[in-house]
Amino acid sequence: MTIAPLRGERRGAPRWRGAVRTRAIDGPLAATWAMIALWAAALGWLSVARYRAFGTGRFDLGNMVQAIWSTAHGHLLSTTDIAGGQFSRLGAHVDPILAVFAPIFRLWPSPALLLVAQAAIVALGALPAFWLARRWLVEGWIALAGPAAYLLYPPVQWATVTEFHAVTLAAPLLMFCIWAAEERRPFALAAFAALALLCKEEVGLALVGLGLWMAFRGARRAGLALAAGSAAWVAIAVWVIIPHFNGGRPSAFIARYGDLGASEGAIVRTLLTRPWEAVQTVATYGRLSYLLALLLPLLLLPLLAPALAACALPELALNLLADWWPQRSIEFQYVAVPSPFLVAAAILGLARLTGARDARARPRGRPLGARLGRLLGWPAAGPAAAVLAVALLLAGIRLGPMPWWSGLPLASQSRVHQYERTAHTAALEGAVDLVPAGVPVSAGNHLGSHLSARARILTFPVIAEARYVLVDRRQPDIGFVPQAQEHERRVRALMARPDFRLIYERDGVLVFRRVPRT
């Protein structure tokens, strides 16, 4: 009887009794984990630094903090709106995944917890990106192109350092969904899709696209089930849950699409009967620049995997048709849903362009992507992956949020000042320290992000029953919009009120305390 040698063992070499089968370390996977840890640490640190420098706001970090704090104290996702009314956050957005953080937040009620957790969770999306690259490209170190593309993609970085949002958590979950769909793992897909659906009401639209992509590729039953289930959840969220918690009214955010109609039905009718109006809205410099900012860092590679990239179209349409300018910028959370599909499509497009995927699937023949790559003179998979990584690194310097690139030529200067602690930061900290825990308070937008772990947090100039009012003349926000003249008028009116006394003034930061009327 011949005993087969262990893997890596020379045939004919002596075999010792009790020899233990060993497995070589997976170097590329270990490198991926190292990238995840480094990225999570860096962006977690940046997020906390921005918070401590008062670069975050009541909108939106404070909103999430209050919703989670309220849940931890027995009031599901209760928040204070900009007008001072108290309502469940489910009346604005269906993102109940926030409740998952409530038990931990009760033990450590700090916004820094949420910011660090967000960076760590988003970073984990590099794992499925690695697995997809290993499947679609080739084995070995070239598969690091996947996690590199995900972690270096400027929109993913911006979504992570921009406050804390439930929808940002959808980015890694959707990347896991794409991997599970490709690997035909229905139970993993169901679990990750269910979590992703809890991140925001429109996430299901992207999963509808993913389900159709699966059906197109042969997984018809699972794909159609995912598409139908996701579509049903979106319908329930938009037409049942939001109106229920919003006094019977539809989402207030529908007003952002007022040019197309006053209701969801009117907007759909406009898109179906007068699509040219939507085209005219999209065909503007700002909106087309937004699309280029999404595609150019990936070297337009998602266009070579159009069916997978198309899963991002519903969210992109919502962003492009809205009249709220942050939705047309890569610097906000609105890029969290399309980003994983564009990154995954770029990996698949790279595989097709270099012929790596088709060489493994069909050794004979040269499909369109490979023929195009040969025509353009694209290198093999390894050098091409390096080109993509360099392009993303350069794009991050030009478009990304990392402040340490700011000294380089043509580097992004956007929000660099929000990480800097100054004498004004100390004045803001002194003001916040004067407010007791739990009491109703009214504060400006940036101050409010440090005071939202309470039942009532009003946004200046709304005062209502607030016992303390904090304002910053150097950041004259009315709500979350800078309005210097109106802000100063409101501050002077507050100073004239007999029921409030000025107890703190430093570098333009004022704190008022309510006093009994005499």
Side-chain angles (χ1 to χ4, degrees), residues 26-51 56 61 64 97-98 100-101 104 110-134 141 143-180 188 191-192 195-196 198-200 203 297-298 330-333 335-344 346-347 388-389 392-393 395-397 399-405 419:
D26 190 332
L29 180 58
T32 298
W33 276 110
M35 293 166 63
I36 289 172
L38 180 62
W39 192 92
L43 271 77
W45 180 85
L46 280 177
S47 299
V48 174
R50 183 170 176 259
Y51 165 72
T56 55
L61 176 59
M64 309 300 166
I97 201 169
L98 292 173
V100 172
F101 294 91
I104 303 175
S110 170
L113 164 68
L114 303 179
L115 296 172
V116 171
Q118 177 172 260
I121 293 170
V122 174
L124 290 174
L127 268 180
F130 169 73
W131 293 329
L132 288 171
R134 175 173 276 182
W141 294 95
L144 291 179
Y150 176 81
L151 297 174
L152 292 175
Y153 191 41
V156 172
Q157 297 176 354
W158 274 116
T160 304
V161 300
T162 301
E163 315 284 328
F164 172 86
H165 296 94
V167 71
T168 301
L169 306 179
L173 292 170
L174 290 172
M175 187 62 78
F176 275 102
C177 287
I178 299 168
W179 163 78
F192 288 120
L195 290 173
L198 300 180
C199 291
K200 201 177 180 184
V203 173
L298 296 170
I330 66 169
E331 298 184 9
F332 295 88
Q333 73 276 12
V335 294
V337 173
S339 290
F341 294 101
L342 295 178
V343 169
I347 299 170
L388 175 61
L392 281 162
L393 180 61
I397 295 173
L399 302 173
M402 306 300 191
W404 41 71
W405 303 129
Y419 302 99

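For reference, positions follow the sequence shown, starting with 1.
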Nearest heavy-atom approach of Ser47 to Leu115 is O-CD1, 3.5 Å
Please report the C-alpha distance between Phe101 and Leu113 in whole Å, then the side-chain angles of each, then the deciding distance to 0.1 Å, and finally whether the side chain to side chain contact (heavy atoms under 4.5 Å, CB included) criterion is met.
-> CA-CA 9 Å; Phe101 294 91; Leu113 164 68; 6.0 Å; no
Distance col, row Phe130:CZ vs Leu29:CG, nearest 0.5 angstrom, shows 5.0 Å
Rounded to the nearest 0.5 Å, the CD1 atom of Ile397 sits from the CG atom of Leu393 at a distance of 4.5 Å
### Query
Within the distance-only criterion (no hydrogens, no angle test), does the side chain of Arg50 pair as donor or acceptor with the backbone N or O of Thr56 below 3.5 angstrom?
no
Note: Ala395 and Pro297 closest approach over all heavy atoms is CB-CB, 3.6 Å
Taking every heavy atom of Gln157 against every heavy atom of Leu151, the minimum-distance pair comes out as NE2-O, 2.9 Å
Of Val122, Ile330, Leu43, the one forming a side chain to side chain contact (heavy atoms under 4.5 Å, CB included) with Val156 is Val122
| Is there side-chain contact between Val116 and Trp45, with heavy atoms separated by less than 4.5 Å? | no
| said: In terms of relative ring orientation, are Trp179 and Phe192 parallel, tilted or perpendicular, with 30° and 60° separating the classes? | reply: perpendicular
- Task: For residues Pro172 and Tyr150, determine if any side-chain heavy atom of one lies less than 4.5 Å from a side-chain heavy atom of the other.
- Result: yes
Original post:
Taking C-beta and beyond as the side chain, do Gln333 and Glu163 meet within less than 4.5 Å on heavy atoms?
Top reply: no
So SG of Cys199 and CG of Leu169: to nearest 0.5 Å the spacing works out to 5.5 Å
Those residues at least two apart in sequence (or on a different chain) that pass side-chain contact (heavy atoms from CB on, under 4.5 Å) with Ala37 are none
Between the CG atom in Leu152 and the CE atom in Met402, the distance rounded to the nearest 0.5 Å is 8.5 Å
Note: Val335 and Ala159 closest approach over all heavy atoms is CG2-CB, 4.2 Å
- prompt: Sub-3.5 Å donor-acceptor pair from the side chain of Trp158 to the main-chain atoms of Leu399, do we have one?
  reply: yes
query: Do the side chain of Gln118 and the main chain of Thr168 share a donor and acceptor less than 3.5 angstrom apart?
result: no
* Between Leu195 and Phe176, is any pair of side-chain heavy atoms under 4.5 Å apart? -> no
Is any side-chain heavy atom of Pro111 closer than 4.5 Å to a side-chain heavy atom of Phe164?
-> no
Rounding to 0.5 Å, atoms CH2 (Trp33) and CG (Leu38) come to a distance of 14.5 Å
- Query: Tell me, do Pro147 and Leu127 make a side-chain contact under 4.5 Å, heavy atoms counted?
  - Reply: no
Closest heavy-atom pair, Pro340 versus Met175, reported as atoms and distance to 0.1 Å, is O-CE, 3.5 Å
Q.
When you compare the side chain of Tyr51 with that of Leu114, does any pair of heavy atoms fall below 4.5 Å?
A. no
Paired with Ile178, the side chain to side chain contact (heavy atoms under 4.5 Å, CB included) test is passed by just one of Val343, Ile347, Leu132, namely Leu132
>> Is any side-chain heavy atom of Tyr419 closer than 4.5 Å to one of Val161?
In response: yes
The reported gap from NE2 in His165 to CG in Leu98 (rounded to nearest 0.5 angstrom) is 10.0 Å
Quick one: does Glu331's side chain have a donor or acceptor within less than 3.5 Å of a partner on Thr162's backbone? no
Residues Ala40 and Ala123: closest non-hydrogen pair is CB-CB, 3.9 Å
